[in-house]
Amino acid sequence: MTSKRQFNLKRPHQLFGLGFGTGLAPVAPGTFGTFAALPFIFTTMYFPLWLQIVFAVVISIFGIWACGKTADDLGVHDHPAIVWDEVAGYYITMIGAALSWQTLLVGFLLFRFFDIAKPGPIRMLDKRVHGGVGIMADDILAGIFSLVCLQALIKAGLLPF
């Protein structure tokens with residue numbers, strides 16, 4: 001997918017929309033972009049659950065603007081380099097999870113699975129909703145699916161909590 005315009009990380013919306021540049025990785029930009037959520041996860045891991053949820057809502061709403069404006073700049077809807085949606089989705093996945101390498105890895109794998117496979121309603125959102133909302137919505141839902149699965153694994157005692 002080629003874009004009509006150039007990337008410009010000096011523009012704040014592109015800096016965030018492109019996941020601080022992680023979306024510019026030559027291969028698997030979504031995977032690299034997912035890693036850009038880690039500083040937010042580590043920074044908020046000891047916040048109360050309600051504050052983690054508020055933070056997830058804020059970065060998601062912010063992402064609608066940043067991703068939509070970046071897509072407009074590039075002239076391509078949901079360009080592969082736009083990865084703030086992955087940042088929000090992985091952050092959502094990790095809400096309320098005690099952090100360990102196991103929860104981070106399983107959460108990452110769950111989120112990437114739901115983001116790539118796009119089962120059921122995730123696929124519907126991806127196809128039917130456009131603009132910044134469309135870019136963000138499927139990854140937010142993938143994050144919610146991943147959150148539910150991760151918490152189920154933790155509650156079942158299969159992961160540390």
Side-chain angles (χ1 to χ4, degrees), residues 1-5 7 13-38 40-41 44 49-97 103-156 158-159:
M1 225 179 251
T2 59
S3 64
K4 293 189 251 179
R5 300 179 192 114
F7 301 113
H13 62 278
Q14 283 198 28
L15 177 67
F16 288 97
L18 301 173
F20 309 108
T22 58
L24 300 176
V27 295
T31 298
F32 282 97
T34 302
F35 290 124
L38 290 172
F40 299 109
I41 293 167
T44 63
L49 181 61
W50 70 268
L51 195 51
Q52 291 178 40
I53 293 168
V54 167
F55 188 75
V57 170
V58 168
I59 65 173
S60 296
I61 292 169
F62 174 77
I64 292 169
W65 170 77
C67 293
K69 191 156 175 53
T70 300
D72 289 345
D73 284 356
L74 300 175
V76 178
H77 173 71
D78 208 357
H79 188 287
I82 298 173
V83 295
W84 189 258
D85 49 335
E86 275 81 12
V87 171
Y90 186 39
Y91 182 85
I92 290 166
T93 300
M94 299 308 299
I95 290 173
T103 57
L104 287 166
L105 177 62
V106 172
F108 177 84
L109 294 173
L110 284 167
F111 174 69
R112 292 307 296 150
F113 167 75
F114 285 114
D115 186 31
I116 293 167
K118 298 189 187 317
I122 298 172
R123 181 178 300 121
M124 182 201 66
L125 280 174
D126 186 50
K127 290 182 179 186
R128 294 186 183 168
V129 184
H130 303 288
V133 173
I135 293 170
M136 292 295 298
D138 63 311
D139 290 80
I140 290 169
L141 191 54
I144 293 169
F145 279 28
S146 303
L147 166 71
V148 169
C149 292
L150 183 64
Q151 289 298 321
L153 291 169
I154 291 168
K155 298 285 186 240
L158 300 173
L159 287 172

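For the single chain, residues carry numbers from 1 onward in sequence order. This structure is a prediction, so every number in the text was calculated from the model and none was measured.
Remark: the backbone N or O of Ile64 is not paired with any side-chain donor or acceptor of Trp84 at under 3.5 angstrom. Between the side chain of Thr70 and the backbone N or O of His13, at least one donor-acceptor pair lies under 3.5 Å. Distance alone, capped at 3.5 Å, places no donor-acceptor pair between the Tyr90 side chain and the Gly107 backbone. Distance alone, capped at 3.5 Å, places no donor-acceptor pair between the Glu86 side chain and the Asp139 backbone.
For Ala36, the side chain to side chain contact (heavy atoms under 4.5 Å, CB included) partners two or more places apart in sequence, or in a different chain, are Phe20, Thr22, Val87. Phe35 pairs by the side chain to side chain contact (heavy atoms under 4.5 Å, CB included) definition with Thr31, Leu38, Phe108, not counting sequence neighbours. Under the ring-ring contact (aromatic ring centres under 6.0 Å, His included) criterion, Phe55 pairs with Phe40, Tyr91, sequence neighbours left out. The side chain to side chain contact (heavy atoms under 4.5 Å, CB included) check on Ala81 picks up Phe7, Leu18, Leu24, His79, with sequence neighbours excluded. Scored by the salt bridge (Lys or Arg N to Asp or Glu O under 4.0 Å) test, Asp115 finds Arg112, Lys118 as partners (sequence neighbours excluded). Residues passing the side chain to side chain contact (heavy atoms under 4.5 Å, CB included) test with Ala152: none are found, sequence neighbours excluded.
Of all the heavy atoms in Ile154 and Ala97, the pair that sits closest is CD1-CB, 4.0 Å. For Pro29 against Gly23, the heavy-atom pair with the smallest separation is CB-O, 3.2 Å. The shortest non-hydrogen separation linking Met136 to Ala88 is CE-CB, 3.6 Å. Closest approach of Arg128 and His130 over heavy atoms only: O-CD2, 3.7 Å. Closest of all the heavy-atom pairs between Gln52 and Ile95 is OE1-CA, 3.5 Å.
We find the CD-CG distance between Gln14 and Leu74 to be 5.5 Å, quoted to the nearest 0.5 Å. How far CG of Leu147 is from CG of Leu110: 10.0 Å, rounded to the nearest 0.5 Å. If you take CD1 on Ile92 and CD1 on Ile53, they are separated by 10.5 Å, rounding to the nearest 0.5 Å.
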Q | Stepwise side-chain contact (heavy atoms from CB on, under 4.5 Å) check, Asp78 with Asp85 | A | CA-CA 10 Å; Asp78 208 357; Asp85 49 335; 4.1 Å; yes

Q. Can Phe111 and Met94 be said to form a side-chain contact (heavy atoms from CB on, under 4.5 Å), step by step?
A. CA-CA 10 Å; Phe111 174 69; Met94 299 308 299; over 6 Å; no

Q: Decide side-chain contact (heavy atoms from CB on, under 4.5 Å) for Phe16 and Cys67; before the verdict, give the C-alpha distance in whole Å, the side-chain angles of both, and the deciding distance to 0.1 Å.
A: CA-CA 8 Å; Phe16 288 97; Cys67 293; over 6 Å; no

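With respect to Ile122, the side-chain contact (heavy atoms from CB on, under 4.5 Å) criterion is satisfied by exactly one of Leu141, Ile140, Ile144: Leu141.
Within 6.0 Å of the CZ atom in Phe32, the count of heavy atoms belonging to other residues, nucleotides or ligands does not exceed 12.
Between Ser146 and Phe113 there is no side-chain heavy-atom pair separated by less than 4.5 Å. Residues Leu150 and Thr93 are in side-chain contact: their nearest non-hydrogen atoms beyond the backbone lie under 4.5 Å apart.
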